[in-house]
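Just the heavy atoms: all of them, side chains too, but no hydrogens, waters or symmetry mates, feed the values below. We count ligands from 1, going down the list as the structure has it; atoms in each ligand are counted the same way. Starting from 1, each residue takes its place in the sequence as its number.
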Amino acid sequence: MHLTPQDHLFVLTGAGISAESGLATFRGSGGLWNGYRVEQVATPEAWAADPELVWHFYSQRRRNAVSADPNAAHLALAKIEEQLGDRFYLCTQNVDDLHERAGSARIHHMHGSLFQSRCTRCNQPFPDKALYETAATLPLCDRCRAPVRPHIVWFGEIPLDMDTIYRKLDRATVLLVVGTSGSVYPAAGFVHIANQRRIHTVYVGPEEPLNREAFDEILLGTATEVLPSLLREDHSNLPHYF
Ligand code: APR
């Protein structure tokens, strides 16, 4: 990937970037959780009907994420951020913290964070790594005693801080999308915004995403196969700059 000193890189990641760290993707093989589709446990309706099931799902995801490590693709993104500084922006649909643990700082979790919870009444997110797996342990707010929910954007809810995302997309000159099936909006529409602005778009993943026609380049391969060399190549292309 050739970047000039004027370029601003906007990266969008999805579940695929954490697949090689051992965290299951949502769709495709292995994409079910105890026989449920993610849409059945990640909705306000599921929460209203069965908060214990929902907390069970997110507790299990917390447990899996705690024991996972960042992989070479997370590390490659952290490294290019060190070089690009404020010309880099990472928007992830993932709720795990593997990007941060790899060293990424300019990162936004548009679908929330696995290790935060929030009171359904006060709405203030707070750090929380606890596991809630039985009805008796479901958490209540310390202040108002209302139920506490995962700080996750569920289907039918609005992703966090879209204004900043669109502002960053507006400044970007290159859009790099990694490991997302292109099936969940608004993230799946970022490439269409990039097309309207005529900026270069690249997809990385082992299969073509649903919105494949919109990309200028599709690099087929896993995130750890493709990203380290793709981003290292950029480095060697810019000896005058780095
Ligand atoms: N490297 C890169 N991509 C991979 C890898 C890998 N090793 N393994 C799988 N993939 C790709 C798959 O080909 C697929 O296109 O990752 C993608 C995962 O797609 P989804 O499971 O649909 O995940 P994502 O697109 O992130 O889902 C979007 O949907 O369930 C909601 O809120 C949840 O943020 C999530 C959103």
Side-chain angles (χ1 to χ4, degrees), residues 11-47 53-54 57-58 60-62 64-65 68-77 90-99 102 107-116 149-162 165 175-192 201-215 217-231:
V11 182
L12 171 69
T13 61
I17 197 166
S18 295
E20 288 163 279
S21 293
L23 300 182
T25 59
F26 299 103
R27 296 170 189 84
S29 57
L32 289 180
W33 176 76
N34 284 3
Y36 293 93
R37 281 183 294 111
V38 67
E39 289 84 351
Q40 292 175 285
V41 279
T43 61
E45 292 75 22
W47 173 253
L53 177 78
V54 173
F57 173 63
Y58 285 103
Q60 189 167 320
R61 292 185 64 192
R62 283 182 178 179
N64 295 344
D69 290 317
N71 64 45
H74 296 107
L75 293 167
L77 287 173
L90 173 57
C91 177
T92 185
Q93 297 168 90
N94 298 346
V95 297
D96 67 57
D97 60 353
L98 296 181
H99 281 303
I107 176 171
H108 174 58
H109 287 269
M110 66 181 291
H111 290 168
S113 299
L114 191 53
F115 296 111
Q116 290 190 314
R149 60 167 273 179
H151 184 49
I152 302 282
V153 176
W154 288 326
F155 288 91
E157 297 183 325
I158 298 170
L160 305 174
D161 202 4
M162 290 303 296
I165 295 174
L175 172 67
L176 170 63
V177 177
V178 185
T180 171
S181 54
S183 53
V184 175
Y185 283 78
F190 293 176
V191 66
H192 301 297
T201 56
V202 182
Y203 179 80
V204 173
E207 309 160 292
E208 293 188 337
L210 286 181
N211 51 3
R212 61 188 170 274
E213 295 86 8
F215 286 92
E217 278 185 78
I218 302 261
L219 302 177
L220 286 182
T222 71
T224 68
E225 283 165 359
V226 177
L227 275 197
S229 55
L230 180 72
L231 299 173

- Item | side-chain contact (heavy atoms from CB on, under 4.5 Å) between Val38 and Arg27, intermediate numbers included | CA-CA 8 Å; Val38 67; Arg27 296 170 189 84; 4.2 Å; yes
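- If you look at Arg27 next to ligand 1, the close heavy atoms, those under 4.0 Å, come from the backbone and the side chain alike.
- Ligand 1 is approached by Pro206 to a heavy-atom distance shorter than 4.0 Å.
- Panel note: side chain Asn94, backbone Asp96; no donor-acceptor pair is recorded below 3.5 Å.
- Under a 3.5 Å cut-off, the side chain of Glu20 and the backbone N or O of Thr224 do form a donor-acceptor pair.
- Counting heavy atoms from C-beta on, the side chains of Thr201 and Val177 never come closer than 4.5 Å.
- Proximity to Gly179 (heavy-atom distance under 4.0 Å) selects the following atoms of ligand 1: 2 (C), 3 (N), 16 (O), 17 (C), 18 (C).
- The shortest N or O to N or O distance between Val178 and ligand 1 is not under 3.5 Å.
- Both the backbone and the side chain of Thr180 come within 4.0 Å of ligand 1, judged by heavy-atom distances.
- In summary, of the residues considered (Leu98, Leu227, Thr92), a side chain to side chain contact (heavy atoms under 4.5 Å, CB included) with Ile17 occurs for Leu227 alone.
- Each of the atoms 30 (O) of ligand 1 lies under 4.0 Å from some heavy atom of Val38.
- Here is the list of ligand 1 atoms found below 4.0 Å of a heavy atom in Gly14: 26 (O).
- By the criterion of a heavy-atom distance under 4.0 Å, the side chain of Ala19, and not its backbone, is placed next to ligand 1.
- A pairwise comparison of heavy atoms in Gly14 and Thr180 identifies CA-CB, 3.9 Å as the closest pair.
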- Message: Apply side-chain contact (heavy atoms from CB on, under 4.5 Å) to residues His109 and Leu160 and explain how you reach the verdict.
- Response: CA-CA 7 Å; His109 287 269; Leu160 305 174; 5.8 Å; no
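- Of the polar atoms of Gly16, at least one N or O is found under 3.5 Å from an N or O of ligand 1, judged by distance alone.
- Within the 3.5 Å criterion, the main-chain N or O of Leu23 finds no donor-acceptor partner in the side chain of Ser21.
- Checking side-chain atoms of Asn211 against main-chain N and O of Ala188 turns up a donor-acceptor pair under 3.5 Å.
- Residue contacts with ligand 1: Ala15 is placed with a nitrogen or oxygen under 3.5 Å of a nitrogen or oxygen of the ligand (distance criterion only).
- Between Ser181 and ligand 1, a contact under 3.5 Å exists for at least one N or O pair.
- Residue Val184 touches ligand 1 through its side chain alone, judged by heavy-atom distances below 4.0 Å.
- Taking all atoms of both residues into account, the shortest heavy-atom contact from Glu207 to Leu220 is C-CD2, 3.8 Å.
- For the pair Ala223 and ligand 1, the shortest N or O to N or O distance falls below 3.5 Å.
- Using 4.0 Å as the threshold, Trp154 has no heavy atom nearer than that to any atom of ligand 1.
- Proximity annotation for atom 12 (C) of ligand 1: of Glu20, Glu208, Glu225, Glu207, Glu207 comes nearest, heavy atoms only.
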